[in-house]
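For reference, the structure discussed in these notes is given below.
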Amino acid sequence: MNNAVNDGGGAGVWSATGFRPGTKAGAGAGPGTGSPSGTPGGAGGDTRDGEIWSGCWVAERLGVELVGDEGLGELLGLALRRNPKRAHLLVSHVLGKHIPQSPAVVYGYGFALGLRVRDLLGEDEARRAVVLGYAETATGLGHSVADGVGLAPCLHSTRRPVDGVARAGGFEESHSHATSHLLLPENPGLLAGDGPLVLVDDEFSTGNTVLNTIRDLHERYPRDRYVIVALVDMRSAADLGRLDDFAREIGARVDLVTAASGTVRLPEGVLEKGQALVARYESEAEASASGVSGSAGPEGQAAPEAQEAPARPVLRVELGWPEGIPDGGRHGFTPEHRVRLEGALPAMAARIADALPSDARRVLVLGFEELMYAPLRLGVALEKLTDAEVRYSTTTRSPVLAVDDPGYAIRTRLVFPAHDNPADGPGDRYAYNVAGAGFDAVVAVVDSTADTPELHAPDGLLARLSAHTPSVLLAVVPSYAPARPSAEPPTESSTERPFMLPEPLRGPEFSSYAPDEVGWLLQDLSDTKLEAPTEEREEAIQSGGAHYAESLPVEYQPSDAYQELFHNALAVSATRIAQAVGVVTETVLAERSPRPVLVSLARAGTPVGVLMRRWAQHRHGIDLPHYAVSIVRGRGIDANALRWLAAHHDPADIVFVDGWTGKGAITRELAQAVEEFEASDGITGFDPEIAVLADPGSCVRTYGTREDFLIPSACLNSTVSGLISRTVLRADLVGEHDYHGAKFYRELAGADVSVAFLDAVSDRFDAVDEAVDAQVKELLSTDRSPTWEGWAAVERISEEYGIHDVNLVKPGVGEATRVLLRRVPWKILARAGAGADLDHVRLLAEQRGVPVEEVAELPYTCVGLIHPKYTRGATGADGKAVSV
């Protein structure tokens with residue numbers, strides 16, 4: 001049920017020509033209009049009173065219109081950002097993120113929305129509620145709403161993983177520039193209750209992020225009621241009915257409370273025009289050697305660079321933050337915490353006021369990314385103590401174009417490096433509308449995790465600020481460390497693990513894939529000699545003297561004829577592969593998770609994982625995380641990789657991906673490895689079932705097809721897999737706390753077809769849309785229980801050919817190809833009448849002197865048999881050496 005909470009109010013259109021009263025178009029009967037009761041008015045202006053609306057610059061150039069409640073233009077302005085999906089950015093005047101605003105106004109909006117939630121729920125239900133805010137923009141807003149509710153604890157999502165704190169959930173934003181959201185409550189029961197869940201974000205537009213969060217949490221902790229709170233409801237007409245449909249789908253009541261509602265009218269071609277504008281102005285900003293970028297004027301000429309004064313000393317203010325009070329809601333913030341903080345705020349604000357210059361008339365309290373609530377409350381308290389004009393805003397990860405024009409919401413931009421050692425690596429951070437705003441003093445408030453050398457560096461935030469204001473004060477809030485992990489206490493062995501496992505390797509430094517296509521949870525062994533002749537490896541493996549994962553085969557260098565076979569096979573099979581990719585991806589989205597985290601088994605699974613990620617972008621516009629991990633037969637999956645995944649994502653969202661099944665050995669290996677990992681680490685939730693492109697062995701339920709056909713990526717080794725070797729696990733190279741290893745064959749770049757393979761398949765996505773829909777519909781209504789008929793066939797072949805070892809029987813086109821490329825083959829069994837799918841197999845077999853035997857009743861297209869009694873030189877069927 002969508003309970004529209006309305007305050008009444010007029011309607012109108014904000015555009016380049018000014019405000020036009022009239023009937024709201026496109027917004028429908030959206031809930032929540034007007035300013036919240038008792039809240040000070042907005043800070044923005046529009047042309048009703050002769051003021052310039054801070055969205056008219058964008059509106060004039062792109063034809064964008066803001067349509068909705070009369071007060072909407074006071075709440076929102078417009079800016080531009082570099083984004084492939086949406087060029088415009090709604091900039092709130094009352095959020096305290098991009099635009100400095102009175103702390104009382106910012107806090108008042110959130111608090112008033114919380115009062116409305118409390119009235120909506122009633123005191124009994126409000127006492128059972130939990131408030132959840134979204135990082136980074138709604139962390140302070142979520143806290144303020146919780147204060148208005150008065151009786152409920154609050155939590156906010158975070159992009160900062162914390163060692164020892166187990167995840168209670170997480171999600172990603174498809175439109176976001178930043179990394180995954182994590183939910184890390186200190187109390188694991190915080191989200192497990194059945195009372196109302198109040199979800200707070202700065203704007204409710206498509207609703208995807210909020211609804212996906214509800215869906216995810218509802219599966220684990222079902223409840224009867226949800227309340228969505230936002231400053232503005234900006235849904236399009238097409239999205240208005242989704243909330244009611246969603247409530248019916250999950251069988252719960254869903255209410256929406258907002259301060260104003262409307263929508264954005266976008267003319268044809270607005271994205272392309274916006275991108276061109278951004279590119280033009282950003283090129284000027286990037287040419288600047290200063291930390292401030294700005295552009296000005298209706299003609300679009302770059303403004304002169306802001307002249308920075310020499311940096312001044314920074315004064316540190318000791319706040320006297322109360323011991324045991326969290327710095328924010330990253331791990332939960334209770335009503336008891338709130339009471340203690342209220343009592344301490346006047347004294348802390350007084351210490352800041354005493355440190356300010358006596359002549360400071362205009363003061364900015366500047367928070368730090370997710371740390372919005374603490375500086376906001378300090379700002380509110382300071383505003384009460386001093387006669388100075390106090391404003392509040394925070395730094396951000398979000399890159400936004402700055403244009404020095406009164407009709408544009410982001411006038412100036414300070415750029416500085418991240419200073420809290422972020423989990424996703426270094427990068428630029430921003431403070432908007434600070435330079436040139438005439439502040440006599442800036443009070444920078446950070447947590448102790450962010451009080452690093454980078455903060456104090458010559459190009460750091462403090463130096464950037466001191467160049468634009470006479471006085472900079474630094475107030476550090478101690479980063480809250482949970483008293484105990486929210487999972488079971490760590491075992492002795494777990495406390496010995498390193499504080500943080502390395503971040504995934506990415507291209508182009510490791511692999512030829514683009515950095516966003518896959519992150520490799522591997523260690524780089526590129527400088528280590530690992531290759532051994534095939535004959536030596538086979539002898540060592542079969543004699544029991546070595547494991548196949550302790551060395552690498554010499555990379556096969558395909559002949560011109562073989563490369564031509566690959567390209568011909570790709571041209572023929574690309575459409576069939578594209579359809580299988582679509583089918584397996586849609587099945588995963590329908591049955592496993594609406595926001596899956598793809599984890600491919602390196603390396604055969606990795607091209608498939610990249611293609612599945614591309615399909616999700618193509619069909620649904622969502623960016624799925626994708627990682628590659630190592631699994632080794634007889635040794636299991638890389639446990640350190642699982643630990644990293646569990647620390648950054650919900651294990652329930654992890655979907656393991658591979659290229660194909662043969663007899664199902666890896667399927668069984670993964671199931672056993674996950675079971676052992678859960679027993680050793682106490683981390684549960686991983687689903688060991690693999691999603692594959694092809695399942696000829698009938699080993700899994702999630703697949704694109706069960707046909708045994710040629711997947712061209714099986715034809716080659718590293719040159720179709722991002723130039724990455726197969727994985728290595730050797731005791732002298734891989735320690736207890738290391739990921740498994742692999743090599744990056746940079747020297748083979750001239751022969752690399754990895755991206756060409758991906759592009760050839762994804763270019764066929766449009767052509768298979770309808771076929772995918774039809775096949776998925778059929779599959780979802782079909783019993784897909786594994787029959788393991790492939791395993792039975794392998795056992796039969798092993799005995800019939802006198803091998804007596806199923807590990808030497810490799811069924812399927814992909815596995816047979818691997819035998820010819822990496823092992824010492826004995827025979828190839830080919831199904832009678834098999835056609836072009838086996839052209840490359842026949843060529844490889846001919847090159848290695850291996851017979852191809854046609855079999856009438858073979859359940860696979862082909863089967864590769866490894867030589868069962870290998871001795872040095874035995875490469876042919878007769879056990880004698882064959883020249884290649």
Side-chain angles (χ1 to χ4, degrees), residues 14-16 18 42-47 50-64 66 73-74 76-83 87-93 95-101 273-309 362 364 366 389 391-396 398-416 428-440 442 459 461 463-470:
W14 282 261
S15 67
D46 56 56
T47 55
E51 298 179 47
I52 299 176
W53 174 48
S54 64
C56 64
W57 190 94
V58 174
E60 177 183 328
R61 285 156 180 78
L62 298 186
V64 175
L66 204 62
E74 298 175 1
L76 297 174
L78 293 174
L80 296 177
R81 58 181 174 183
R82 187 182 296 277
N83 188 303
H88 73 278
L89 174 71
L90 296 174
V91 182
S92 174
H93 287 277
L95 182 64
K97 176 55 68 173
H98 303 89
I99 296 180
Q101 175 59 280
K273 291 180 181 177
Q275 290 173 331
L277 266 178
V278 171
R280 174 182 175 184
Y281 281 88
E282 284 285 15
S283 66
E284 296 173 359
E286 290 169 4
S288 169
S290 129
V292 178
S293 62
S295 305
E299 300 303 316
Q301 300 300 316
E305 293 297 334
Q307 297 300 310
E308 294 194 349
R362 185 168 163 80
L364 173 68
L366 183 67
E389 178 186 299
R391 289 293 179 263
Y392 159 80
S393 64
T394 59
T395 65
T396 177
S398 179
V400 185
L401 176 69
V403 178
D404 190 12
D405 187 284
Y408 188 82
I410 303 295
R411 302 287 295 274
T412 62
R413 181 175 74 178
L414 285 175
V415 186
F416 54 92
D428 287 340
R429 300 295 186 263
Y430 310 92
Y432 295 109
N433 294 317
V434 176
F439 291 114
D440 301 311
V442 175
D459 63 344
L461 171 62
R464 293 295 190 214
L465 292 173
S466 67
H468 295 283
T469 184

All side-chain contact (heavy atoms from CB on, under 4.5 Å) counterparts of Ala431, not counting sequence neighbours:
Thr395, Leu414, Phe416, Val434
Look up atom CG in Leu89 and atom CG in Leu401, then write down how far apart they are to the nearest 0.5 Å.
10.5 Å
I'd like to know if the side chain of Thr412 pairs up with that of His468 as donor and acceptor (distance under 3.5 Å, no hydrogens or angles considered).
no
Quick one: does any side-chain atom of Arg413 pair with a main-chain N or O of Val400 as donor and acceptor, under 3.5 Å?
yes
How many angstroms lie between OG1 in Thr394 and OH in Tyr432, if you round to the nearest 0.5 Å?
11.0 Å
Write down the atom of Val91, the atom of Ala409, and the distance for their closest heavy-atom approach.
CB-CB, 3.7 Å
Only counting residues at least two apart or in another chain, list the ones meeting ring-ring contact (aromatic ring centres under 6.0 Å, His included) with Tyr408.
Trp57
By side-chain contact (heavy atoms from CB on, under 4.5 Å), which residues pair with Asn433, not counting sequence neighbours?
Ile99, Pro100, Ile410, Arg411
Roughly how far apart are Ser398 OG and Lys97 NZ, rounded to 0.5 Å?
9.0 Å
Show the nearest heavy-atom pair for residues Tyr392 and Leu95, with the distance to one decimal.
CE2-O, 4.4 Å
Leu366 CG to Ser393 OG distance, which is reported to the nearest 0.5 Å
5.0 Å
Can Asp459 and Arg464 be said to form a side chain to side chain contact (heavy atoms under 4.5 Å, CB included), step by step?
CA-CA 7 Å; Asp459 63 344; Arg464 293 295 190 214; 4.1 Å; yes
Look up atom OG1 in Thr469 and atom CG in Asp440, then write down how far apart they are to the nearest 0.5 Å.
6.5 Å
Could you tell me which non-hydrogen atom of Trp53 sits nearest to which non-hydrogen atom of Gly77, and how far apart they are?
NE1-CA, 4.2 Å
Counting distance only, does the side-chain N/O of Gln101 pair as donor-acceptor with the main-chain N or O of His93 below 3.5 Å?
yes
Distance check, rounded to the nearest 0.5 Å: Leu78 atom CG versus Leu62 atom CG?
9.0 Å
